[in-house]
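I have placed the structure first, in the form of structure tokens, so that the comments after it can refer back to it.
Within every chain, numbering begins at 1; the chains are lettered A, B, ... in the order of the sequence lines, protein sequences first and strands thereafter. Values reported hereafter were calculated over all heavy atoms of this structure, with side chains retained and with hydrogens, waters and symmetry mates removed.
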Amino acid sequence: MLEFLPDIISSLTNPINLLLMCAGVIAGIIVGALPGLTATMALALLLPFTFTMQADTSLITLGGLYIGGIYGGCISAILINTPGTPSAIATTFDGYPMTKKGKATQALIAAAVSSGIGGVIGGLALLFLTPLLATLALRFGPPEYFWIAMLGLTMIATLSSGSMLKGLMGGAVGLLISTIGISPVGGESRYTFGFSPLQAGLELIVILIAFFCIPEVIGMIESKIKQKKNKEVKKERGVARKLFFYIIKRPILVIRSSIIGIITGIIPGAGGNVAALLSYDAAVRFSKDKKEFGKGKVDGVVASEASNNAEVGGSLVPLLSLGIPGAPPAAIILGALMMQGIRPGPDLLEEHSGLVYTFLVAFIVANVVMLIFGLMGSRYVGKVISLPVYYLAPSIVFLTIVGSYAIRNNFLDVALMIGFGLLAYVMKKVGFNPAPIVLGLILGPIAERGLAQSMLMAKASGNTFELFFTRPISVVLIALCILSIVGPLLSTIFRSKSKIDEEIQG
Amino acid sequence: MQRVNHDIVSSIIFIFVAAFALWETRGLSEMSYVFPRTAGIILLVCSIIFFIKSIIKKEDKKAFDDINKRKVMVMSLGMIGYLIVIGLVGFLIASIIYIWAFCFYLQRDEKEKSNKSKMLHAGITAFGVSIFFFVLFKFVFAVPLPPGIFFGG
């Protein structure tokens, strides 16, 4: 890499490149913060404009936009409980409760710092481990996808606050909702009732907005007591420094979350939402004060954000090493490379080493730029939430409508968003937490495709057991699933036993 | 009047949802039904257990007692109305009407403010928010927002 250092320095000191990188990061943050506009959409919109750019300029701009877009999703997740991008889903679990406590700025700062650190770790992995990690991606077959979805579903235990049974029911409802539309393997329509717009299935963002935002916005105005303002954002001096050191002093949390993000990123199709959910789950399981999660614990925000930004780097690993995009935004970057006449694939690193290394270093620099903008913006963005409810509630409803329409320019999506949103409000009131439902919805398609394809493979090979239970990665995932289910059960048994012992002794 | 037990009601609804989901999978090929049928069975089993548990261990929960039902109803119907009005007059006009009406309605408890100032503040918010995002989405992000059937949509 060192022989390309002059190229890298000359490209990164080019004012146009730097300016476009910053513009890309800022535009990404804005787009990511708006519910309904995803990083993929922003990249697709920018793609035609990069045609006339130099290859390095194009990649630097798109990289900045991608990084900013993934970080931006946390802003609306923290402020209005609506993940701006699906990757920010787990950020809502603790980010929004922090806002409710008047700690929106702290949540935004924690998200910026952890996103920056996670992104840099992801970038370093991309820089040094690309060929090594890419071989891992190739070993993932349908059974492994099935088991990774099962591992994610074991999170229901973590996410179902109150009743495990209600959590399981919610998860099953989510899995059922995920099957609406054409079967990925069988090819038949399910639960569409002859209504053709439903054949494409339900749009994830629409359901995320419905289940997370509508109940909250109704909740803002439902109080019988006059409620003029949301909780004021508390002013604290040196909060950024305090949070920075708080996060630095928890290296295991950040590194673990980043590693989960990188590994999930390199597995094509898993995405930032799965990465954030898995790392949030890991953060809860390894924490000493598990009960604080979901009530506004900063570690929850750190786990989710470090992971989803590290996933960005991970998702580019199969792209740069094999020419396979690990996530939809990476597919757009692949398009940008092809527009420049560069053919991604195993030879990319050899044929265009200078360009690839420039992009990789720029990727790390863009994460630092994102951290700086995130920290600068969080001071002001957090104040939005202290607006009176009578301004905020109708404006949020407006944003949910425009956001759910913008994804596919489909009016049905808006109707579904309102319908599911009202249903989610009633369900929340009777004790059904939206998180397990959404978890089922996210993991359902991965699990179904994995199961159906594995069944076909098993039929062909004639050995179902061997296919599902003996492949090395599957065995590791099954062990993690068992640990994930048995661990909390054992800890509950031990806790209740120690309680009884204490009562006897006392 | 006896209080409705929400757990019993919701478990019955979920039993029906699961039964319907399972019924709908008939006639599908194995590759198409295997997953929804598995999810449907999980939901059915959990809902039956939940139903039995709710009957045995009745809990007196007050899910909707501490809320302003009128406001919630107005807000919910308002969203449905907003959707209908978008279909008629398009996104921009419907949004201005919706935000203005709700900003004004939700300021009802602000006794220290005059009606005129409530209307003015609601109007500024409605025009400001709607036009800003309309321009952003339509001209910057090139999202074709619905014009409404009255305006050729």
Side-chain angles (χ1 to χ4, degrees), chain A residues 31 34 37 41-42 45 163 165-166 168-169 171-173 175-176 178-179 183 185-188 190-191 214 217-218 221-224 226-228 388-391 393-395 397-399 401-402 405-406 409 411 414-415 418 421-422 425 427 429-432 440 444 447-448 451-452 455-456, chain B residues 6-7 9-10 14 17-18 21 24-25 28-36 38-40 42-43 46-47 49-50 53 61 63-64 66-68 71-72 75-76 78-80 82-83 86-87 91 95 98-99 102-103 106-107 109-110 121-122 125-126 129-130 133 137 141-146:
Chain A
V31 170
L34 292 170
L37 294 182
M41 195 190 278
L45 281 171
S163 163
L165 200 55
K166 282 182 177 175
L168 284 171
M169 286 164 73
V173 168
L175 291 176
L176 275 175
S178 78
T179 63
S183 160
V185 178
E188 288 157 292
R190 298 168 306 184
Y191 310 120
I214 298 295
V217 83
I218 299 176
I221 56 104
E222 70 175 15
S223 172
K224 278 181 175 172
K226 180 187 158 189
Q227 193 186 3
K228 191 179 175 185
V389 165
Y390 46 80
Y391 293 137
S395 305
V397 171
F398 164 86
L399 276 178
I401 300 266
V402 70
Y405 181 80
N409 302 335
F411 210 55
V414 184
I418 292 177
L422 296 177
Y425 173 73
M427 284 179 78
K429 279 283 153 195
V430 295
F432 287 90
E448 177 170 19
L451 178 66
M455 280 171 67
L456 284 175
Chain B
H6 298 113
D7 285 350
V9 175
S10 51
F14 280 119
V17 170
E24 277 286 311
T25 58
L28 295 174
S29 66
E30 190 190 9
M31 284 301 120
S32 296
Y33 76 63
V34 63
F35 195 74
T38 311
I42 295 170
L43 181 62
C46 291
S47 305
I49 297 169
F50 187 49
K53 202 181 154 199
K61 286 175 190 162
F64 297 96
D66 54 348
I67 63 164
N68 186 331
K71 265 190 187 175
V72 170
M75 191 77 181
S76 309
M79 282 191 251
I80 297 166
Y82 182 19
L83 182 71
I86 291 175
F91 179 76
S95 301
Y98 173 80
I99 299 177
F102 268 83
C103 268
L106 293 173
Q107 288 182 77
D109 303 329
E110 300 295 305
H121 289 162
T125 311
V129 172
S130 306
F133 283 101
F137 275 78
F141 299 129
V143 175
L145 295 165

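By the 4.5 Å heavy-atom criterion applied to side chains, B:Val72 and A:Tyr425 are counted as neighbours. Within the 4.5 Å cutoff, the side chain of A:Met455 has heavy atoms near those of the B:Glu30 side chain. Residues A:Ile418 and B:Met79 form a side-chain contact, since some pair of their non-hydrogen atoms from C-beta on lies under 4.5 Å apart. Contact check for A:Glu448 versus B:Pro36: side-chain heavy atoms found under the 4.5 Å cut-off.
Heavy-atom distances place both the backbone and the side chain of A:Leu175 under 4.5 Å from chain B. Proximity to chain B involves both the backbone and the side chain of A:Leu176, based on heavy atoms less than 4.5 angstrom apart. Heavy atoms of B:Met75 lying under 4.5 Å from chain A belong exclusively to its side chain. For chain A, the nearby part of B:Thr125 is the side chain; its heavy atoms alone come within less than 4.5 Å.
Closest approach of A:Ile221 to B:Lys71, counting heavy atoms only: O-CD, 3.1 Å. Taking every heavy atom of both residues into account, A:Val389 and B:Leu106 meet most closely at O-CD1, 4.4 Å. Considering every non-hydrogen atom in both B:Ala21 and A:Tyr191, the closest pair reads O-OH, 2.9 Å. Of all the heavy atoms in B:Cys103 and A:Pro394, the pair that sits closest is N-CG, 3.9 Å. Annotation for B:Pro146 and A:Phe411: closest pair CG-CE1, 4.2 Å, computed over non-hydrogen atoms. The shortest heavy-atom contact between B:Phe35 and A:Ser178 is CE2-OG, 4.4 Å.
For B:Phe102 and A:Phe398, the ring centers are positioned 6.0 Å apart or more.
Using modelled atom types, no side-chain atom of A:Tyr391 and backbone atom of B:Ala122 make a donor-acceptor pair closer than 3.5 Å.
B:Lys53 contributes atom NZ, which lies 5.5 Å from atom CG of A:Leu165 (distance to the nearest 0.5 angstrom).
Between chain B and the residues A:Leu451, A:Val397, A:Val173, the largest count of heavy-atom pairs under 4.5 Å involves A:Val397. When B:Ala18, B:Gly87, B:Ala39, B:Cys46 are compared by the number of non-hydrogen pairs under 4.5 Å with chain A, B:Cys46 comes out ahead.
Under the side chain to side chain contact (heavy atoms under 4.5 Å, CB included) criterion, B:Ser47 pairs with A:Met169, B:Phe14, B:Ile15, B:Leu43, not counting sequence neighbours. Legend: residues meeting side chain to side chain contact (heavy atoms under 4.5 Å, CB included) with B:Leu28, ordered by chain and number and at least two apart, are A:Glu188, A:Arg190, B:Thr25, B:Ser32, B:Tyr33.
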